[in-house]
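In what follows, a structure is listed as structure tokens, so that the remarks can point back to it.
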Amino acid sequence: MKKNRLEIIIPAPVEKVFTFTLNPLNTPKWIKGIVIEETSETPTKIGTIYKNLNNKGVWTEYEVTNLNRNRSFTFR
């Protein structure tokens, strides 16, 4: 199985960064190629579905499978 892990160091409070990254309105601001993103529910929890549209017009869907608030989250 392939795994991708991305680690980024940001000089800001963890809670602020975590909230920013889970907000679908912010996704196009930090992921190049994503035009829009939507979620099935707010607040995010395990089982929440994220759908995003890339700049080629293709929709992709991810499910939140792990969520450790202010620490990490996993999409599958």
Side-chain angles (χ1 to χ4, degrees):
M1 176 197 300
K2 263 188 174 178
K3 289 187 178 185
N4 289 326
R5 181 182 172 121
L6 178 61
E7 189 172 321
I8 301 168
I9 297 171
I10 301 170
V14 171
E15 182 177 356
K16 186 174 183 177
V17 174
F18 198 85
T19 300
F20 181 90
T21 58
L22 282 179
N23 184 335
L25 298 176
N26 293 329
T27 303
K29 297 175 185 175
W30 66 280
I31 299 181
K32 185 178 179 179
I34 299 297
V35 177
I36 191 169
E37 185 168 70
E38 308 171 344
T39 61
S40 62
E41 60 192 328
T42 302
T44 298
K45 60 185 180 184
I46 292 177
T48 297
I49 303 297
Y50 278 72
K51 296 179 184 177
N52 58 48
L53 177 67
N54 69 20
N55 55 10
K56 295 180 182 176
V58 178
W59 283 93
T60 306
E61 185 174 298
Y62 302 93
E63 178 184 358
V64 177
T65 57
N66 188 11
L67 180 64
N68 296 306
R69 187 74 49 194
N70 296 330
R71 183 165 170 82
S72 66
F73 56 88
T74 306
F75 290 135
R76 177 179 52 132

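Both backbone and side-chain heavy atoms feed into the values below; hydrogens, waters and symmetry mates do not.
Heavy-atom neighbours of Glu41 CD from other residues, nucleotides or ligands within 6.0 Å: above the threshold of 12.
One distance of note links CG of Asn52 with CD1 of Ile36; it measures 10.0 Å at 0.5 Å rounding. With values rounded to the nearest 0.5 angstrom, Phe73 atom CZ is found 11.0 Å from Asn66 atom CG. Taking CD from Glu37 and OH from Tyr62, the interatomic distance works out to 9.0 Å, rounded to the nearest 0.5 Å. Rounded to the nearest 0.5 angstrom, Lys51 NZ and Leu53 CG are separated by 12.0 Å. From Ile10, atom CD1 reaches atom CZ of Phe18 across 12.0 Å, with rounding to the nearest 0.5 Å.
Checked by atom type and distance alone, the side chain of Asn68 never pairs as donor or acceptor with a backbone atom of Ser72 at under 3.5 Å. Under the 3.5 Å distance criterion, the side-chain polar atoms of Thr19 are left unmatched by any main-chain donor or acceptor of Lys16.
When all heavy atoms of Val64 and Lys45 are compared, the pair lying nearest together is CB-O, 3.6 Å. Pairing each heavy atom of Gly47 with each of Glu63, the nearest pair is CA-OE2, 3.7 Å. Closest approach of Ala12 and Val17 over heavy atoms only: CB-CG2, 3.7 Å. Counting all heavy atoms, side chain and backbone alike, Pro24 lies closest to Thr39 at CG-CG2, 3.8 Å.
A continuous path of hydrophobic side-chain contacts links Tyr50 to Ile46 [ILVMFWY only; heavy atoms under 4.5 Å].
Residues Leu67 and Leu22 are in side-chain contact: their nearest non-hydrogen atoms beyond the backbone lie under 4.5 Å apart.
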